[in-house]
Amino acid sequence: PKMKKITALLLALLMALSLCSFACAEEQPTLVRFWHNRSSGANLEACEKAVDEFNNTIGKEKNIFVEATYQGGYPDLYAKCQLASQTEETPTVAVIGNTYVVNLMQDDLLVDMAPYAAATGFDVNNLLDCFQQIEGNTDGHLYSLPYVRSTPVLYYNKTIADELNLTAPNTMEDLENFARALTLRDPATGEITRYGFEVLGDFGFVNAAWLWELGEPMLSTDGTSPALDGTSMLNMLTLWRKWVDEGICRPKDSANASSTASAMLVQGKLCSYMASSGSMKNLLKSMEEAGYELGVVYQPSFDPSKRTCEVGGGQLTLMAPGNDEKTLAAGWEFLQFLMSDEQGFNNSMATGYLPITKSVANYDKMQAFWAENPTYKVPFDQMMNYGVCQEYPSFPDLQEFIANIEAACSYLIQEQSITPEQAVQQMKDSNAHLF
């Protein structure tokens, strides 16, 4: 009897332990791995704040935990997502550079979120119209959601410009005169001590808009390059090289171009350059600390009646490999949270990135913030009036195409070892196999 009693107790203990482990397993939250590109400063703070808020509210309620990991810039993120599809460490939600989305779709790595949107009442029509018309988001599909989207704006040192009674440029001619007036040289050596302007090397974001304006865009919907076939590329490169030769435009850096330009702007060694509106909050802060006022205006235009700006940035995606239905549903919960009016407002206000839905743009907090901080509304107005999504028209080999163009630009602008005509010919030769 004593043995039977011990056996019964052991069985009871084993049952209790198994029930406990089952209960504990049930209590384990569904893990959502969130891979992003938001590295530091205001950008990282905004990202981490959103993740913490989700985990402490909806995540807590629905037993979901989002684990956020910085994975580098858009090229790094894209490559890592492709590699991860062959391992067990796959992301659930990833921020993919807008021009890379089509490649992941073609590799069947993305989940069509349209069924999730339909099941949860998510209003796809609330996305700003331009984001409904990109590859993967037409014909009832939803392969990506806008997240950290931006347009290039002209950042300039308003303090120095005001001291010289200079008005912010609107046209390319204005920009040339503006940069000329702001450029300083050492009287003894002739060495340039302050540049008026710089064009960064982000060709598909900044320069591509000028090609649209000149009537021959970088790419067409029928898979050709009107810019290379016609004269718009040559005309734009000729003007850029002219500015560099004169010394009013600083040649772009081969690495860390944007961070170098922003540092020089803060130091008063560069007076203006164009870059993503997503860096606005950090730049405003840095300029104020340096004792300068930052000016922000539209990207200067060849012809304001044909003004065009590219809308670049990152899209939110739900990744297919390695994620079961429960994990994907949890990922969708997080995506809905990021797309809410409050989170859209927080993200835009905290960084300079664009509102990405109609309701965020009309959100009372957003409207009040813009009324008090009109600088932050500049990129949004530019997008609404003149924006073309960078991923339009869709071209699967876009990254290689732009890399080949930028390689020729480095010889033309940085090394100054070839002419604009030779640069265009190099672009044609290196890209011929893509068409």
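Every value quoted in this text rests on a predicted model; they were computed, and no experiment measured them.
- Residues L316 and V95 form a side-chain contact, since some pair of their non-hydrogen atoms from C-beta on lies under 4.5 Å apart.
- Residues F131 and Y147 keep their aromatic ring centres 6.0 Å or farther apart.
- In this structure, the side chain of N170 does not engage the main chain of S301 through any donor-acceptor pair within 3.5 Å.
- Considering only heavy atoms from C-beta on, K252 stays 4.5 Å or farther from Y273 through its side chain.
- A heavy-atom distance below 4.5 Å is not found between the side chains of N404 and M427.
- Put simply, the side chain of S150 never gets that close to the backbone of V148: no donor and acceptor are under 3.5 Å apart.
- Taking the side chain as every heavy atom from C-beta outward, R38 and T351 approach each other to under 4.5 Å.
- In terms of modelled atom types and a separation under 3.5 Å, the side chain of K358 and the main chain of N125 share a donor-acceptor contact.
- The closest side-chain donor-acceptor pair between E135 and Y143, if any, does not fall under 3.5 angstrom.
- Aromatic rings from F435 and F401 are positioned such that their centres are separated by under 6.0 Å.
- Classification of K49 and E45 as a salt-bridged pair fails, no side-chain N sitting under 4.0 Å from a carboxylate O.
- The aromatic rings of F334 and F337 lie parallel to each other, their planes meeting at an angle below 30°, with 60° marking the opposite boundary.
- Counting heavy atoms from C-beta outward, L412 and Q426 have side chains that stay 4.5 Å or more apart.
- With contacts defined as side-chain heavy-atom distances shorter than 4.5 Å, the pair R250/T260 qualifies.
- Applying the side chain to side chain donor-acceptor pair (under 3.5 Å) test to pairs two or more places apart or on separate chains, those with a residue in residues 72-86 are N37-Y74, Q71-K80, Y78-Q82, Q82-D107.
- Applying the side chain to side chain donor-acceptor pair (under 3.5 Å) definition to pairs two or more places apart or across chains, those involving residues 309-321 are S144-Q315, R149-Q315, W212-E310.
- Using a distance-only test at 3.5 Å, with no hydrogens or angles considered, a donor-acceptor pair links the side chain of R194 to the main chain of L182.
- With hydrogens and angles left out, the side-chain atoms of Q343 and N347 include no donor and acceptor closer than 3.5 Å.
- For R307 (side chain) and Q299 (main-chain N/O), a donor-acceptor pair under 3.5 Å exists by modelled atom type.
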CA sep, side-chain torsions, deciding dist, call: S232, N235, side-chain hydrogen bond (donor to acceptor under 3.5 Å, both in side chains):
CA-CA 5 Å; S232 69; N235 292 340; over 6 Å; no

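- At a threshold of 4.5 Å between non-hydrogen side-chain atoms, the residues W210 and M172 count as touching.
- Salt bridge status for K242 with E246: absent, with no side-chain N to carboxylate O gap under 4.0 Å.
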Show your working on side-chain hydrogen bond (donor to acceptor under 3.5 Å, both in side chains) between T375 and N373 and close with a plain yes or no.
CA-CA 5 Å; T375 300; N373 304 274; over 6 Å; no

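- Within a 6.0 Å sphere centred on CD of E173, heavy atoms belonging to other residues, nucleotides or ligands number 12 at most.
- Two residues are said to be in side-chain contact when any heavy atoms from C-beta on lie closer than 4.5 Å; K60 and T57 fail this criterion.
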